[in-house]
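Please read the structure below before turning to the comments.
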There are 4 protein chains.
Amino acid sequence: MTRLKDLREEEPKKPAARWRRRKEARPSEILEAAMDVFAEKGLTGARMEDIAARAGVTKGTIYLYFANKAAVFQALVTEAIGERVKQAGAMVDAYEGPTPELMANVLRFIGAVLVTTNRAALPKLVIGEIAQFPELQEFYRRAVIDRGLAVWEKILKRGIARGEFRPVPTGHVARICIAPLLVAALWRTLFAQFDTEPYDIDGLIETHVDVLLRGLAADGASA
Amino acid sequence: MTRLKDLREEEPKKPAARWRRRKEARPSEILEAAMDVFAEKGLTGARMEDIAARAGVTKGTIYLYFANKAAVFQALVTEAIGERVKQAGAMVDAYEGPTPELMANVLRFIGAVLVTTNRAALPKLVIGEIAQFPELQEFYRRAVIDRGLAVWEKILKRGIARGEFRPVPTGHVARICIAPLLVAALWRTLFAQFDTEPYDIDGLIETHVDVLLRGLAADGASA
Amino acid sequence: MTRLKDLREEEPKKPAARWRRRKEARPSEILEAAMDVFAEKGLTGARMEDIAARAGVTKGTIYLYFANKAAVFQALVTEAIGERVKQAGAMVDAYEGPTPELMANVLRFIGAVLVTTNRAALPKLVIGEIAQFPELQEFYRRAVIDRGLAVWEKILKRGIARGEFRPVPTGHVARICIAPLLVAALWRTLFAQFDTEPYDIDGLIETHVDVLLRGLAADGASA
Amino acid sequence: MTRLKDLREEEPKKPAARWRRRKEARPSEILEAAMDVFAEKGLTGARMEDIAARAGVTKGTIYLYFANKAAVFQALVTEAIGERVKQAGAMVDAYEGPTPELMANVLRFIGAVLVTTNRAALPKLVIGEIAQFPELQEFYRRAVIDRGLAVWEKILKRGIARGEFRPVPTGHVARICIAPLLVAALWRTLFAQFDTEPYDIDGLIETHVDVLLRGLAADGASA
DNA sequence: TATGAATGAGTCTTCATTCAT
DNA sequence: TATGAATGAAGACTCATTCAT
């Protein structure tokens, strides 16, 4: 509580009343800012004040919308990934062409996201600091990892069923499909700054598509 | 700003007297303890006191051997990985059999390390927190990543030169070779606790060997 | 430093219009709510938002009627006690029966207030937190304590003058008269929750009346 | 963790190495300081930094000995009161003279403590802020209040048994015995500053002894 | 009048690092 | 060499108060 003696101190501040009512927009503005700051500094390294400043508000405002830093992170992950994975599953169900083509398309799409958006930083964040947030850890495992792998298994089983792929353990191969994407995301996040010319992520994806499809191809099939 | 060369400046000057075994052993005891604690709590989450306690010494003692927490981490990485990569390069040079076999052996060896040692936690550590230590970041890039990739490229070029592999962009493929190993390490570190039965890393490696070698095989070669 | 006279400067100027009942009622509604919340959480622990919520308004509204939290507290004390003490003095002046009876009646009346109203929490509040509000502290001393003691001294002097009480130092005895009431109020506020059956405050009062009147009785008088 | 960039900042501070090893003495030094600061500002108003400064250490040091502010308070109360009450009980058991004399002695002894030590501030502290520390509340009720009342009841029953006091409800009278002492402590803590000449606590005690013993005296007994 | 989004000063608490012993 | 008491900078979070609407 303000001590009485302070009541008259009325400093001559009030520089500019840049005061806005933004109840609707605030949460996503904050999450956007948080994504940037987390990407730069990591979960622990990011100060709430940094996030607030980047969002154009002050510390206290964040607490109007999120209970604490972990809650900001969880909302971020939920919004940024959980939703996408669900969509991806639907897309695969709707696809009608040959499976190798489908697989190549999905890989190229994810590759493009990694190259062009700041979402590429999420793997680093999740890998690095999720262990400190047990609830988030389980949530992430279920909502993102398991569901994402399920989509890949679905693709693989489709290819095997249609005689395009030889029989393989789909659980393992699903991870092998994703692995180079993870490497690409981490590369961009952690080591790209030391490359004189930017690492060619598209080239990595294309090579992955090439080697993987040839590795999976059924004997009679043409990669 | 502290340069890397300063980080271990306090390293024991190895005073002639060897009659006390502990002095010699201290640094690696501390690193061993640090590996455990870092694996559990992450770089930021690990308290110097935790490391000291696990090593059976007190906080102050660590500072006799390492300038600060970052120096402990750097020494750990240097010892745990840097050295291995150098050895691996030499092993590849000395190998005389067919390249697919060499590649399978290397993958299986790394896989075994991931399954059996606490070194599996290092990728998580490095990925999560290296960004906060710029010097360490560059060191790691040069000493571990670049050198590790070089070894893989050497293997790939050997296979191409011997007609066992078709021509592929070795830089990209090197990353593809490693990627599933990274996934395995992260899985064990981050998500294994939610599996009712442990994830079959050996199976992943074997599948990777199978798909990769078939994907790389020269047209006339047998995978 | 804010003077006391400023504390309610924002008090509604009672604009002629009376067609809106709420405006008139607001301040006392807020004080009623504040009494409850203060009783539960103490001055510092009570959040303006809690008070507002209990009063069915929002934070900002409170500041229309009271300059700050201290002003709310002061208004509360003024209304809840100051006024009563004045009335009590008048009652004593008007009384015509024997003094022991008067004294017993007053003690029983205060006892009943302590048992039945939430005013019993005021001593705890005042004792615990008044020190942080120097102006309030002096106000309370003058308006409540001194005037309350004066009433008791008046009673005692009346009894001595009428030969009902033996001569005693009335200043000290006035405090002795009140003391068990204070104990009762504090008991109910702080420790009652640990009693399996509620503490018998009426019994305390009756015992106090008994012991006190016998202790004060003039030699020839009948207690 | 200190960022690497900070490592060389080595400001030219280090004004004076007034560094002492005081493991033994620290806790009681801190409690002594805490008593003073709590007495002045209350539990909530007291900043850990204030306490540390008064004890001649820094904030962090307090946390070497106490888990948090509540723990400091609890230790203070335990040490300051709990122990005394136990001793008082033993003293009463050992007493052999007439009960009125015993009672007068105990009242005078407590009165002297209230007049001469800063322990007089404890009632204010406990009353004001104990409600925020439920564990402490129950502890205090059991260890101080109940045990203290038990001592007084023991005295009263002794007097009744010996025919010195008339039969009275000892539970109520025990509270009546203590009540003026509480008033004295609170007076000294809260309102004494407004008296031009200090309130005569000894006079209050003597008057209390006089009125109380006369009020309790058995018919044939001489007060 | 009333609202409630926004502010930001204030405080507890943690922990890497220092240094007298 | 080793200890561990002490330091103090740093950051999460709270909440009284303000003020555009």
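Just so we're on the same page: letters track the sequence lines, and every chain starts at 1.
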Looking at [X], I'd like to know whether one of its side-chain N or O atoms comes within less than 4.0 Å of OP1 or OP2 on [N].
{"X": "A:T61", "N": "E:dA5", "result": "no"}
{"X": "A:K69", "N": "F:dA12", "result": "yes"}
{"X": "C:T58", "N": "E:dT3", "result": "yes"}

Touch class at under 4.0 angstrom, heavy-atom based, for A:A46 against every strand present: sugar-phosphate

Which residues pass the side chain to side chain donor-acceptor pair (under 3.5 Å) test with [X], not counting sequence neighbours?
{"X": "A:D36", "answer": "A:N118"}
{"X": "D:E138", "answer": "D:R142"}
{"X": "C:E40", "answer": "C:R54"}

What's the closest nucleotide to the side chain of [X] if the choices are [options]?
{"X": "D:R47", "options": "E:dT18, F:dT18, E:dC12", "answer": "E:dC12"}
{"X": "C:Y65", "options": "F:dT3, E:dA2, E:dA16", "answer": "E:dA2"}
{"X": "D:Y63", "options": "F:dA16, F:dA12, E:dT13", "answer": "E:dT13"}
{"X": "B:L64", "options": "F:dC13, F:dA2, E:dT7", "answer": "F:dA2"}

hbond_proxy C:K59 side chain to F:dT17 base (donor-acceptor, 3.5 Å cutoff): yes

Strand DNA chain E as a dot-bracket string - pairs counted if Watson-Crick or G-U with both distances under 3.5 Å, | where the partner lies in another strand: .||||||||||||||||||||

B:T78 OG1 to B:Y140 OH distance, which is reported to the nearest 0.5 Å: 10.5 Å

Side chain to side chain contact (heavy atoms under 4.5 Å, CB included) partners for A:A70, two or more places apart: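 Partners of A:A70 under the side chain to side chain contact (heavy atoms under 4.5 Å, CB included) test: A:N68, A:F133.
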
Partners meeting side chain to side chain contact (heavy atoms under 4.5 Å, CB included) with A:Y63 (sequence neighbours left out): A:M48

Residue closer to the 5' end of DNA chain F, A:A67 versus B:G60 (nearest nucleotide):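 Per heavy-atom nearest nucleotide, the more 5' residue is B:G60.
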
